[in-house]
Trainee: 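One structure, pasted below without further comment.
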Amino acid sequence: MTMADKAKLQGSFGSLLDTLNNRFDPLQPGDIVASWTSTMARCAACARNIAGWDSLAGNSAGYDAPIEAIDDATRALVTTDYGDAAAVRNALQLTANALSELEAVFA
Amino acid sequence: VRQLSRIAIIIIAGLFLPSCGINALRTEYAANVGSEGTAVAGASSAFLHDVETSRRLANIEMVVADPACGSNPAIVRGNIRMTQAGPGWLCVPPDEPREPLDRQFSLTPVSTQIQPTVLLVSSLSAYTTGIADIVDSKPSDPMKPLLDALETAHSAQGLLLAVTGGQNGPVPAADDKRVKAVGEFVSFLAQLSDEADKVSRIRQFLADNPDGAQPLIDALQDHLATWENSRKADDGLRLVVNGTILRRTIDAHPPVLPEARREALTSFYKVQDAVAAAAEIYPALLKSLADLADADRDLRRVIVEHPNLTKAERAKVAELNRQRAIKAMDTLAALVTSFKGA
């Protein structure tokens with residue numbers, strides 16, 4: 001079992017945020033724009049939890065699963081064909097799952 | 001004159017020249033710590049100000065988009081109601097029950113949370129300023145005691161000549177070539193002595209701060225990574241909420257006027273440009289922090305008695321020593337020449 005460090009978790013989350021910012025397109029169908037917005041609000045709630053981030057240990061095996069899930073979601077958002085609405089919805093679902101993993105770190 | 005030459009050579013060669021090149025390198029590296037510290041402090045303040053601004057702009061975007069988001073904490077809908085015209089499309093109004101996917105969202109500004117990070121920046125700044133103050137300290141004028149003594153001697157000589165009725169005394173004028181040569185010699189020695197004194201004070205400062213800047217830099221990097229994600233998320237939220245308003249404007253029934261769509265799309269592109277520009281600050285700040293860490297490491301490496309210098313540093317020290325040896329010989333020659341036939 002590896003002991004991922006906090007900086008890696010911060011970095012993975014940062015890359016996800018970059019991707020969500022860069023890939024957002026308001027000209028996508030309304031349900032995708034709505035889902036993207038609630039995903040972003042969920043990310044922002046996580047990022048605004050400064051006390052939670054400050055209290056995280058420098059290393060923890062508990063970071064492995066969220067890092068992997070976040071990286072997978074980021075990859076999906078980057079590689080998705082944005083002309084394929086179903087694929088975009090799937091990438092957003094992966095992101096929602098990854099955020100659940102991240103939120104569990106603070107629980 | 002021969003005795004004067006011998007004394008001057010002994011002073012220069014024995015006391016100062018052997019370590020003068022390396023001392024110049026040491027004070028240069030200490031100055032680098034000071035200047036990199038100033039850069040980090042400035043960049044950190046600018047970055048934290050941007051973090052605060054991003055939080056406010058995201059909050060403004062939310063509350064402007066939907067008055068139901070206007071209480072703290074807001075409850076953001078898990079399923080945003082894109083086609084609902086009135087308030088409550090983005091956030092759950094206070095009088096409405098929450099659904100399972102709805103989430104609490106804090107609108108608290110960052111002002112109080114940012115204080116520990118500000119304190120870290122101040123601590124790092126105090127460390128680098130302490131080193132910069134030593135480097136920038138001005139030595140006292142080395143010629144002042146000599147000129148003061150000459151002035152006193154001149155007064156005494158004037159009194160003596162008035163009493164004896166004589167013409168010329170033994171005390172030279174302040175612009176005498178011998179006084180000028182001595183002055184240059186003293187200034188040269190004072191410069192070397194001042195450098196050695198600064199190195200000694202820097203050594204003491206570093207001994208009093210044995211861990212150096214690195215622990216503060218590590219802690220600051222951790223804080224800044226958290227704040228950078230906060231900024232990214234706030235900027236992203238601002239962008240996405242603005243884009244959602246655009247989507248709603250496009251989909252409105254009955255259709256809104258073309259000018260309203262133009263305004264919504266223009267607003268979105270403006271926010272997009274602003275968000276992209278804000279993303280450039282953090283990488284520059286990280287670069288400044290890395291430069292400061294390098295500068296501090298370099299200073300601690302060369303400040304010891306027998307430092308392990310790189311090839312480039314050895315060449316630089318050798319060149320500095322060569323230049324100073326030439327200056328020492330020139331100053332010495334001018335001193336000896338000025339006293340010949342005096």
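Values below: all heavy atoms of this structure, side chains included; hydrogens, waters and symmetry mates excluded. Below, chains carry the letters A, B, ... as their sequence lines are ordered, and counting in each starts from 1.
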Trainee: Can you tell which of Val275(B), Thr244(B), Leu246(B) has the highest number of heavy-atom pairs within less than 4.5 Å of chain A?
Mentor: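 Of the options given, most contacts go to Thr244(B).
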Trainee: For the interface with chain B, which of Asn49(A), Leu27(A), Asp25(A) has the highest count of heavy-atom pairs at distances below 4.5 Å?
Mentor: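 Winner by heavy-atom pair count: Leu27(A).
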Trainee: Check each atom of Gln104(B) against the heavy atoms of chain A and say whether the ones under 4.5 Å are side chain, backbone, both or neither.
Mentor: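 Looking at Gln104(B), just its backbone touches chain A.
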Trainee: So, Arg297(B) and Glu36(B), do they make that salt bridge, N to O below 4.0 Å?
Mentor: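 Salt bridge: no.
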Trainee: Looking at every heavy atom in both Leu94(A) and Ala76(A), which two are closest together, and how far apart are they?
Mentor: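 Smallest interatomic distance, heavy atoms only, reads CD1-CB, 3.6 Å.
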Trainee: Looking at every non-hydrogen atom in both residues, tell me the closest pair between Ala279(B) and Arg231(B) and how far apart they are.
Mentor: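 Closest heavy-atom pair between Ala279(B) and Arg231(B): CA-NH2, 3.6 Å.
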Trainee: Any idea which of Glu228(B), Arg77(B), Gln113(B) has the most non-hydrogen atom pairs under 4.5 angstrom with chain A?
Mentor: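 Among Glu228(B), Arg77(B), Gln113(B), the one with the most close pairs to chain A is Gln113(B).
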Trainee: Please state whether the side chain, the backbone, both or neither of Arg55(B) comes within less than 4.5 Å of a heavy atom of chain A.
Mentor: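 For Arg55(B), heavy atoms of backbone and side chain both lie under 4.5 Å from chain A.
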Trainee: Any chance you could measure Tyr282(B), atom OH, to Phe47(B), atom CZ, to the nearest 0.5 Å?
Mentor: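 Those atoms lie 6.5 Å apart.
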Trainee: Could you pull out the closest heavy-atom pair between Asn21(A) and Gly236(B), with the gap in Å?
Mentor: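 The pair with the smallest heavy-atom distance is OD1-CA, 2.9 Å.
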Trainee: Where do Arg48(A) and Ala58(B) come nearest, in terms of heavy atoms and distance?
Mentor: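 Heavy atoms of Arg48(A) and Ala58(B) come nearest at NH2-CB, 3.6 Å.
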Trainee: Tell me, side chain or backbone of Ser230(B) under 4.5 Å from chain A's heavy atoms, or both, or neither?
Mentor: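 Both backbone and side chain of Ser230(B) come within 4.5 Å of chain A.
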Trainee: Please assess Leu206(B) against Ile131(B) for the test side chain to side chain contact (heavy atoms under 4.5 Å, CB included), listing each intermediate value before the final yes or no.
Mentor: CA-CA 9 Å; Leu206(B) 296 185; Ile131(B) 292 175; 3.9 Å; yes
Trainee: Heavy-atom distance under 4.5 Å to chain A: side chain of Ile250(B), backbone, both or neither?
Mentor: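 Only the side chain of Ile250(B) comes within 4.5 Å of chain A.
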Trainee: Looking at Ala96(A), Cys43(A), Gly30(A), which has the largest count of heavy-atom pairs under 4.5 Å with chain B?
Mentor: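 It is Gly30(A).
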Trainee: What option among Ile80(B), Val240(B), Ile245(B) has the most heavy-atom pairs under 4.5 Å with chain A?
Mentor: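 Heavy-atom pair counts peak at Val240(B).
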Trainee: Give the member of Ala45(A), Gly14(A), Ser35(A), Gly11(A) that has the highest number of heavy-atom pairs under 4.5 Å with chain B.
Mentor: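 Sorted descending by pairs with chain B, the first entry is Gly14(A).
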